[in-house]
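Predicted, not measured: the structure shown is a model, and the values here were computed from it. Reckoned from all heavy atoms, side chains included, excluding hydrogens, waters and symmetry mates.
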Amino acid sequence: MAVKLQTKYLEPFVREHELFGMQHEVEAAHKLLEEKNGLGNDYLGWLYLPRDYDKEEFARIQAAAKQIQKDSDVLVVIGIGGSYLGARAAIELLTSPMYNLLPKQTPNIYFAGNSISPTALQEILQLCEGKDVSLNVISKSGTTTEPALAFRIFREFMQKKYGEDAKKRIYVTTDKARGTLKKFSDEQGYQTFVIPDDVGGRYSVLTAVGLLPIAVAGVDIEQIMQGAQNAMENLSVCDLGINDCYRYAALRNILGRKGKSIELLVSYEPAFTLMNEWYKQLFGESEGKDHKGIFPASVVFSTDLHSMGQFIQDGSRILFETVVDIKRPKRDLTVKEDPSNVDGLNFLTGMQMSYINQKAMQGTILAHTEGGTPNLVLEIEEMNPFAFGYLVYFFEKACAISGYLSGINPFDQPGVEGYKTNMFALLGKPGYEDKQQQLLEKLK
């Protein structure tokens, strides 16, 4: 198993009988998934995706990635939420957060359409000047405001730069047959890839949504899918004694019921930062309903120990930590002796920094648990494409089980429409006139 759950630091907070007392609830949640008769059952395509994915389209993704690598200096990925977070997380975690700055044989990859900031968009346009560029536009409908705006601007950029040949450099990931973007893409002659009807955005990283940008970065997407399939098989048994994914889902629910309303996902590698963001969307958008849900937050240690450590150690006892322990880093350094010992660190001479980082992690876990903050640990021997695919599936299934344990639909997101309605009204979109007047009165 590429991801193992370590619970030894949880002993003061959750007794063994509490966990196994959840077996019947977990069995019920498992049955809802397997029999596809629970809330949101139209969006369970991710469940067997690692085995049943479209192999023909997978080959087209690989071919498109090679073409982009061949003819482009830059790939601009346009999407928001689940349409970009998984891909960006994978690229930073499996290559480097410095991916665009390091020497490589693959294109720089910039992510646009995830905000309405004109400054951010102008800066990406500036980075594209004088470069050969391809676009990957990711949107189910094509009408989501942020990516639609970015695509409108970049489409003009591409048409001015390449004329009729622009269509050969625009790759669209969208609905298989419906929607504004699919129709427009077919009319323009763009190559298209599919967002499956039964896979929601935050569960879509193992579809073309995530796989095309990841493949362009030179990551082995076959290994990602193999890791996810391995997870699918390992995590299919409904037994809390052996299924670490189900144990994790059950334990976080037990802690939530005890008033631990915030989960901090903790890593000790800066490369995990965007994976933290992906996790926050997955759990936040899935569980935050009906005034329920554990609030997903994240930190990167030891960096954030110097800003958030005080609260975690001594603040309100409302949170628990899930620590991602990547045991072998991609690179390491050995501390050398300094004759002056001006920093007083000669006692570290001969130690590898990965060893020091591990001791920082262990010391932090002990301090936080002694201070009253429960800690779960997810152990990963080495972060590679296989482990990434396994971890993605682990979190996806844990999120689904956890949502059903809470009695909510883990696959819809009704609460995200409120800001859109207000924004459209304030911008004067046709059909929102009455709403506009109401909001303007409130803003006086």
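Salt-bridge annotation for R152 and E156: absent, with no side-chain N of the basic residue lying under 4.0 Å from a carboxylate O of the acidic one. Ionic pairing of E277 and K280 is present here: one or more N-O contacts between side-chain nitrogen and carboxylate oxygen are shorter than 4.0 angstrom. Comment: R169 engages D71 in a salt bridge, judged by a side-chain N to carboxylate O separation of less than 4.0 angstrom. Of the charged side-chain nitrogens involved, at least one lies within less than 4.0 Å of a carboxylate oxygen, so that E287 and R252 count as a salt-bridged pair.
For an aromatic pair to be called close, the ring centres must be under 6.0 Å apart, and Y279 with F283 satisfies this.
Using a 3.5 Å distance cut-off with no hydrogens or angles, the side chains of N136 and T173 do pair a donor with an acceptor. Between the side chains of Y110 and N108, at least one donor N or O lies within less than 3.5 Å of an accepting N or O. Between the side chains of E222 and Q62, a donor-acceptor pair is found at a separation under 3.5 Å. Side-chain N/O atoms of Y99 and T106 include a donor and acceptor closer than 3.5 Å. Between the side chains of E263 and T322, at least one donor N or O sits under 3.5 Å from an acceptor N or O. Looking only at atom types and distance, the side chain of S72 has no donor-acceptor partner in the side chain of D132 under 3.5 Å away. Side chains of Q229 and E233: a donor-acceptor N/O pair is present below 3.5 angstrom, by distance only.
Here the side chains of S267 and F301 are not in contact, with every heavy-atom distance at 4.5 Å or above. A heavy-atom distance below 4.5 Å is not found between the side chains of Y432 and Q436. Side-chain contact between E27 and Q23 is present, with at least one heavy-atom pair separated by less than 4.5 Å. At a threshold of 4.5 Å between non-hydrogen side-chain atoms, the residues T145 and K420 do not count as touching.
Summarising the geometry, atom OH belonging to Y248 is positioned 13.0 Å from atom CG belonging to L235; distances are rounded to the nearest 0.5 Å. Residue L282 holds its CG atom at 8.5 Å from CZ of F395, rounded to the nearest 0.5 Å. Interatomic distance, N114 CG to T144 OG1, rounded to the nearest 0.5 Å: 12.5 Å. Note that NE2 of H30 and CG of D239 are 10.5 Å apart. Values are rounded to the nearest 0.5 Å. Annotation: the span from C238 atom SG to L240 atom CG amounts to 6.5 Å, rounded to 0.5 Å. S139 OG to I78 CD1: the interatomic distance, rounded to the nearest 0.5 Å, is 10.5 Å.
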Kindly list each side-chain donor-acceptor pair under 3.5 angstrom involving residues 189-199, sequence neighbours excluded, with atom names and distances?
residue, atom, partner, partner atom, Å
Q191, OE1, R60, NH1, 3.3
T192, OG1, K182, NZ, 3.3
D197, OD1, K140, NZ, 3.2

Solution key, residues 200-212 side-chain donor-acceptor pairs under 3.5 Å, sequence neighbours excluded:
residue, atom, partner, partner atom, Å
R202, NE, S286, OG, 2.7
R202, NH1, E285, OE1, 2.9
R202, NH1, Q413, OE1, 2.6
R202, NH2, P410, O, 2.8
R202, NH2, D412, O, 3.0
S204, OG, G201, O, 2.6
T207, OG1, S204, O, 2.7
T207, OG1, V209, N, 3.2

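The nearest pair of heavy atoms linking P213 to L75 is CA-CD2, 4.3 Å.
The aromatic rings of F154 and F157 sit perpendicular, their planes meeting at an angle over 60°, well past the 30° parallel limit. Ring planes of Y53 and F58: tilted class, angle from 30 to 60°.
Qualifying side-chain hydrogen bond (donor to acceptor under 3.5 Å, both in side chains) partners for E382, counting only residues two or more places apart in sequence or in other chains: R328.
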* **Verdict with supporting geometry, K167 and D165, salt bridge (charged side-chain N to carboxylate O under 4.0 Å, His left out)** => CA-CA 5 Å; K167 66 183 180 182; D165 287 340; over 6 Å; no
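Taking the ring centre of F151 as origin, the terminal cationic atom of R155 falls inside the region bounded by 6.0 Å and 45° from the ring axis.
With respect to T174, the side chain to side chain contact (heavy atoms under 4.5 Å, CB included) criterion is satisfied by exactly one of T180, V137, L181: L181.
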